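Worksheet: one structure, shown below.
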Amino acid sequence: MEAAAMKVVALAVSLVLILTYAHADTGTATFYTPPYVPSACFGFEEQGTLIAAASEGIYNNGAACGRMYRVTCTGPTNLGVPQPCTGNTVTVKVVDLCPSPGCQATIDLSQEAFSSIANPDAGKINIEFTEV
């Protein structure tokens with residue numbers, strides 16, 4: 001009976017890991033440059049440089065303020081930089097709204113956050129992102 005219980009636990013852990021990985025959303029990222037204040041979420045309170053402005057769908061009337069997202073570059077969106085990704089992942093805090101129609105991405109990363117995952121010359125990249 002103990003071996004059967006171990007199999008059930010192993011299966012449950014495997015399912016949790018698969019579902020966690022499968023939950024990553026896809027989209028695009030651009031970047032913005034300092035100054036980063038004021039922001040829609042925190043006004044003139046500095047939040048560091050690993051920050052992001054969320055598109056209206058993620059921002060959800062401010063519900064996303066303070067949420068943390070793990071963002072990974074998955075590839076280019078144009079022919080300008082054929083391999084923009086650095087292979088790194090960055091975790092950012094949502095501090096602002098990237099309003100439409102001007103917002104050209106799912107997530108608008110700070111210049112520092114974008115640079116850690118992709119070549120800034122790309123301007124816009126494809127991403128996977130997960131709330132952490």
Side-chain angles (χ1 to χ4, degrees):
M1 184 67 173
E2 192 171 306
M6 292 293 284
K7 286 181 182 178
V8 169
V9 169
L11 179 62
V13 169
S14 297
L15 285 174
V16 167
L17 290 173
I18 289 169
L19 291 175
T20 300
Y21 180 75
H23 183 64
D25 291 311
T26 60
T28 58
T30 52
F31 69 90
Y32 63 112
T33 58
Y36 298 131
V37 292
S39 68
C41 297
F42 299 98
F44 285 94
E45 186 180 321
E46 291 279 345
Q47 297 297 310
T49 58
L50 296 181
I51 55 174
S55 62
E56 291 175 340
I58 294 172
Y59 189 73
N60 191 20
N61 294 317
C65 288
R67 287 186 186 156
M68 304 292 286
Y69 286 91
R70 183 176 299 114
V71 183
T72 304
C73 175
T74 59
T77 59
N78 59 43
L79 300 176
V81 178
Q83 296 180 356
C85 303
T86 64
N88 296 327
T89 297
V90 67
T91 300
V92 294
K93 181 179 188 177
V94 173
V95 301
D96 216 341
L97 168 65
C98 183
S100 62
C103 190
Q104 300 296 311
T106 310
I107 298 177
D108 197 22
L109 299 170
S110 66
Q111 183 177 17
E112 293 84 353
F114 189 97
S115 296
S116 72
I117 64 169
N119 180 340
D121 290 340
K124 185 175 186 179
I125 56 171
N126 289 312
I127 60 167
E128 285 187 351
F129 62 100
T130 307
E131 187 177 353
V132 293

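All values below were derived from every heavy atom in this structure, side-chain atoms included, with hydrogens, water molecules and symmetry-related copies excluded. One-based numbering along the sequence shown. Bear in mind that the values here come from a model prediction, so they are computed numbers and not experimental data.
Note on Y36: it does not cluster hydrophobically with V71, by side-chain heavy-atom contacts below 4.5 Å among ILVMFWY residues. Follow the hydrophobic side-chain contacts under 4.5 Å out from I107 and you reach F31 in the same cluster. L109 and V95 are members of different hydrophobic clusters when ILVMFWY side chains are connected at heavy-atom separations under 4.5 Å. Criterion: ILVMFWY side-chain heavy atoms under 4.5 Å apart, direct or through other members. Under it, I58 and L50 are part of a common hydrophobic cluster.
With sequence neighbours excluded, no residue forms a side-chain hydrogen bond (donor to acceptor under 3.5 Å, both in side chains) with K124. Remark: S55 engages no residue in a side-chain hydrogen bond (donor to acceptor under 3.5 Å, both in side chains) (not counting sequence neighbours). Contacts of T49 classified as side-chain hydrogen bond (donor to acceptor under 3.5 Å, both in side chains), with partners at least two apart in sequence or in another chain: none. By the side-chain hydrogen bond (donor to acceptor under 3.5 Å, both in side chains) test, D96 is found to be paired with no residue, residues two or more places apart in sequence or in another chain being considered.
Hydrophobic clustering, defined by side-chain heavy atoms of Ile, Leu, Val, Met, Phe, Trp and Tyr closer than 4.5 Å, leaves V81 isolated from every other such residue.
Separation of atoms OG1 (T26) and CD1 (I127) is listed at 8.5 Å; rounding is to 0.5 Å. Residue D25 holds its CG atom at 10.0 Å from CD of E131, rounded to the nearest 0.5 Å. We find the OG1-NZ distance between T91 and K93 to be 13.0 Å, quoted to the nearest 0.5 Å.
Applying the side-chain hydrogen bond (donor to acceptor under 3.5 Å, both in side chains) definition to pairs two or more places apart or across chains, those involving residues 99-108 are T30-D108, E56-S100. Residue pairs that meet the side-chain hydrogen bond (donor to acceptor under 3.5 Å, both in side chains) test with at least one member in residues 74-87, sequence neighbours left out, are T86-N88. Residue pairs that meet the disulfide bond (SG atoms under 2.5 Å apart) test with at least one member in residues 94-132, sequence neighbours left out, are C98-C103. Applying the ring-ring contact (aromatic ring centres under 6.0 Å, His included) test to every pair with at least one member in residues 84-106, sequence neighbours left out, gives no pairs at all.
Contact record, T28 with A105: OG1-CA, 3.3 Å, taken as the closest heavy-atom pair.
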Distance-only criterion, 3.5 Å: show the donor-acceptor pairs between side-chain atoms of residues 59-69 and protein atoms not counting sequence neighbours.
none

Enumerate donor-acceptor pairs with a distance under 3.5 Å from any side-chain N or O in residues 114-123 to protein atoms, sequence neighbours excluded.
unit_1	atom_1	unit_2	atom_2	d
S115	OG	Q111	O	2.8
S116	OG	A113	O	2.8
N119	OD1	D121	N	2.8

